[in-house]
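Just below is one structure, and these are the notes that go with it.
Numbers restart at 1 for each chain; the letters A, B, ... are given by sequence-line order, proteins then strands.
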Number of protein chains: 4
Amino acid sequence: MRIHSGGLAISSPGPKDKRRRIHDAAVKVFAEKGFYNARVSDIAKEAGVADGTIYLYFKNKDDLLISLFEDRMEEIIANFKASLVGIDTPEAQLQRFITLHLKMVADQPRLAEVLTVELRQSSKFMHEYRAPGFREYLGLLEDIIAAGQGSGLFDPSLHPTLLKRVIFGALDEVSLHWVSARRKPYDLDRAAAEIWSICAHGLVRRAGSHAENT
Amino acid sequence: MRIHSGGLAISSPGPKDKRRRIHDAAVKVFAEKGFYNARVSDIAKEAGVADGTIYLYFKNKDDLLISLFEDRMEEIIANFKASLVGIDTPEAQLQRFITLHLKMVADQPRLAEVLTVELRQSSKFMHEYRAPGFREYLGLLEDIIAAGQGSGLFDPSLHPTLLKRVIFGALDEVSLHWVSARRKPYDLDRAAAEIWSICAHGLVRRAGSHAENT
Amino acid sequence: MRIHSGGLAISSPGPKDKRRRIHDAAVKVFAEKGFYNARVSDIAKEAGVADGTIYLYFKNKDDLLISLFEDRMEEIIANFKASLVGIDTPEAQLQRFITLHLKMVADQPRLAEVLTVELRQSSKFMHEYRAPGFREYLGLLEDIIAAGQGSGLFDPSLHPTLLKRVIFGALDEVSLHWVSARRKPYDLDRAAAEIWSICAHGLVRRAGSHAENT
Amino acid sequence: MRIHSGGLAISSPGPKDKRRRIHDAAVKVFAEKGFYNARVSDIAKEAGVADGTIYLYFKNKDDLLISLFEDRMEEIIANFKASLVGIDTPEAQLQRFITLHLKMVADQPRLAEVLTVELRQSSKFMHEYRAPGFREYLGLLEDIIAAGQGSGLFDPSLHPTLLKRVIFGALDEVSLHWVSARRKPYDLDRAAAEIWSICAHGLVRRAGSHAENT
DNA sequence: GATGAATGAGCGTTCATTCAT
DNA sequence: GATGAATGAACGCTCATTCAT
């Protein structure tokens, strides 16, 4: 499965995709150095354009990051929606969501790192930016949870807002750790299975209930 | 429960605790503006000292942040250890850990924000810094998990490294959201109970098993 | 009286007068923003041409300003000469010169502003440019003065170089003030009459000599 | 007569007068290159300070120029007032004013150039800055004129606003020319005398009236 | 120890100019 | 001739750090 055509595809150096190339370069440089330590000229060099060219496509350095969020999250959300469309039960949907999230991380680790780490900062350095893309992403999770609670499958006493944060936080922390770790202590397929298992049944073993992970 | 006397205590302007006052000021300023947007002179002003004084106690701005991690995490870990000492079962310990984590967040939201957000950056702006305090914190979790799995209470098929990240990630994301949200959608006591419930039993309702949260 | 068809005439978008259109656009933009704050692309947009087109007609931004001086001053001087041609006495010529100068300002305030303000800068930003057009303009004044002194009408003890500067300076300052003032404190016809009166008789009232202004 | 202690005085390199030294350096550099072509680092080097030091004393480059106007005009106006204080007749006052203006130009040619040339631009690059110091300077002239007209000495039919502009413009243009000319075609003492003569009696010779310049 | 004025390296951004189409 | 996307040198300004007092 390809999550999206992605920052890794070396697009033909045609005249149209400058914006994309700059975004891709920014992902690489931001992932390596972080937003604040990345120089605009680093990104320009990585993208193979002049410094000034960046300002033909983006208002400023902040806008470069924000537009990156928006564009990539839009792609990711569209992909998730498409991948979830034929799945009936909330359980299967949640399992799928977990898998997709980690798949995305595995396919585009640098993008994942940027979205994850810099998004945290975003509430700081952009006073107003509410990260609508991120909210929509969480919205996907919330819909699944709501459906599950509505159908009686998921414990209805759990607060949905809290629940989506719990699941997202687990996925995010695992992703970030996996991305930054040199030696990968586990592969992400297994991680997906285990996280699903934890979500589904928790970690306390009950009499007669063996773990039923996929 | 007070985790420690905290950044809010206006210490007597005695001659001894300059280092502490600077740390406290840094927590406040970093939480408000983020590490990169915080100016050293902001911190100096907040601490009521001259800019240069900061360099009598800390090597540079990075060191100020790192030492903050180390000092505070040390306190936190000591507190956690003390609070966990009399508790026998891994289940109760984990439940306690969750409660303590969120308690700390509620009591010292700015410190929580700094430790949470800036720690993420730390892997960036300090290439070498391995955040030993953070590792030890996670080590507490891992010990609980190991004990639980060793005694057969927790599902032994779950990878401990993954598991501790899952739990920490859930706590961290919930904390960060709670800290930055203006309208608090849930209180942290309830959050602790629900997170424990999810950890323990997952979110899928099983026949005959009503949620047993506190 | 129209000094020339001027920057205000919307010339037909024919293929010939690009140079003129760019000059006119430059007058407008320079008058609004000043030379240094005017962007070449502003002028291009105002002229309805592409940025690069400007460089087909002018060597660079400085050349655009300099050529503007030269072209417009040439027109102005030709107009002045034509208007002065039938006038016999130096007194009447000087009176006419004053009137013509202020007429030009009234008809083409933006051009006046550019010629006036930017000319002052020109001795700065162009180390070499001696503004030959401007010198010729002053030469008209000098000729009138010389004729007046030669015929004994004007006080011969006054230094001609100084005198022309005095007269030009008075005209220039009044023009600039009038151009930039929102509420016009006097109209330029009256100004011409009074300036002539001052030039002719000074401002000290003498016994038995009532002002003989128009 | 010293107009003021002045930019030319090499003040002891004490710790107090940094602001003054930067102002003086700015006068020199602005006079040589013009405001827009002057680099802040040029001024810093000329003042013998680091670039950043300038920003301890001035908000930005514009503020450096504006504060220069204000400080220097204040000094100049105070000097003028002091020098005019004992003079009774408006005629003598006006004569004195003319002399003082040209004296100032002779003593501080670079300052005169900056005040003159950049002031013209100021109405452009500073949209709001109304140059209060300059208005007060013109106010001195206006007071003299009003007194002269009130006492019947000066022609009351002349518009005072216009008149002050005429006189100031004459002085200004003569000053600017004198400052920028390499070979000085006249000395400023003589210029003062002649300008006074023109103001007083005009340039038309009348029967029986020999020029009565000082 | 404490101060805070001074430093100057570093970077985001602009915009006159070019040149492939 | 005309275009306008691309260029990259240039510069104003910031702020972590120093050091004379």
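Residues passing the salt bridge (charged side-chain N to carboxylate O under 4.0 Å, His left out) test with B:Asp51: none are found, sequence neighbours excluded. With sequence neighbours left out, D:Asp63 forms a salt bridge (charged side-chain N to carboxylate O under 4.0 Å, His left out) with no residue at all. Shown here are the side-chain contact (heavy atoms from CB on, under 4.5 Å) partners of C:Glu70, two or more places apart in sequence or in another chain: C:Ile66, C:Tyr129, C:Pro132. Residues meeting the salt bridge (charged side-chain N to carboxylate O under 4.0 Å, His left out) test with A:Lys28, sequence neighbours left out: A:Glu46.
Atoms CG (A:Asn37) and P (F:dT14) sit 20 Å apart, rounded to a whole Å. Between the P atom of F:dG1 and the CG atom of C:Asp17 lies a distance of 14 Å, rounded to the nearest Å. One atom, CG of B:Asp42, and another, P of E:dG4, lie 16 Å apart when rounded to the nearest Å. In this structure, OH of D:Tyr36 is placed 14 Å from C1' of F:dG12, rounded to the nearest angstrom. Straight-line distance from the CZ atom of A:Phe58 to the C1' atom of F:dA5: 15 Å, rounded to whole Å. The separation between A:Leu64 atom CG and E:dC11 atom P is 16 Å, rounded to whole Å. If you take CD1 of B:Ile43 and P of F:dA16, they are 8 Å apart, rounded to a whole angstrom. Rounded to whole Å, the distance from CG on D:Asp63 to P on F:dC13 is 10 Å.
In this structure, C:Val49 and A:Ile54 both approach DNA chain F, and ranking their closest nucleotides by distance from the 5' end singles out C:Val49. Of the two residues near DNA chain F, D:Ala38 and B:Arg39, the one whose nearest nucleotide lies more 5' is D:Ala38.
At least one side-chain nitrogen or oxygen of A:Lys18 sits closer than 4.0 Å to the OP1 or OP2 atom of F:dA6. Close to E:dA2, at under 4.0 Å from its OP1 or OP2, lies a side-chain N or O of B:Tyr57.
Aromatic ring pairs are classed by plane angle as parallel below 30°, tilted from 30° to 60° and perpendicular above 60°; the pair B:Tyr36 and A:Tyr36 is parallel.
Here E:dA5 is the nucleotide among E:dA2, F:dA16, E:dA5 with the atom lying nearest to any side-chain atom of D:Leu56.
With the end axes of the helix from E:dA2-F:dT21 to E:dT21-F:dA2 each set by five pairs, the angle from one to the other reads 10° at 10° resolution.
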Go through the steps to decide whether C:Arg20 and C:Glu75 satisfy the test salt bridge (charged side-chain N to carboxylate O under 4.0 Å, His left out), and finish with yes or no. CA-CA 13 Å; C:Arg20 180 76 191 200; C:Glu75 292 174 5; 2.7 Å; yes
Residue pair C:Arg72, C:Asp24: steps toward the salt bridge (charged side-chain N to carboxylate O under 4.0 Å, His left out) verdict: CA-CA 10 Å; C:Arg72 294 298 203 262; C:Asp24 289 346; 2.3 Å; yes
Are there any protein N/O atoms within less than 3.5 Å of an N/O atom in nucleotides 17-19 of chain E, and if so, which ones and at what distance?
| from | atom 1 | to | atom 2 | distance (Å) |
| --- | --- | --- | --- | --- |
| E:dT17 | OP2 | C:Tyr55 | OH | 2.9 |
| E:dT17 | OP2 | C:Lys61 | N | 2.9 |

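A cation-pi arrangement, defined by a distance under 6.0 Å to the six-membered ring centre and an angle within 45 degrees of its axis, is absent between D:Lys61 and D:Tyr55.
Looking at C:Phe58, C:Tyr57, C:Phe69 one by one, the single match for ring-ring contact (aromatic ring centres under 6.0 Å, His included) with C:His23 turns out to be C:Phe58.
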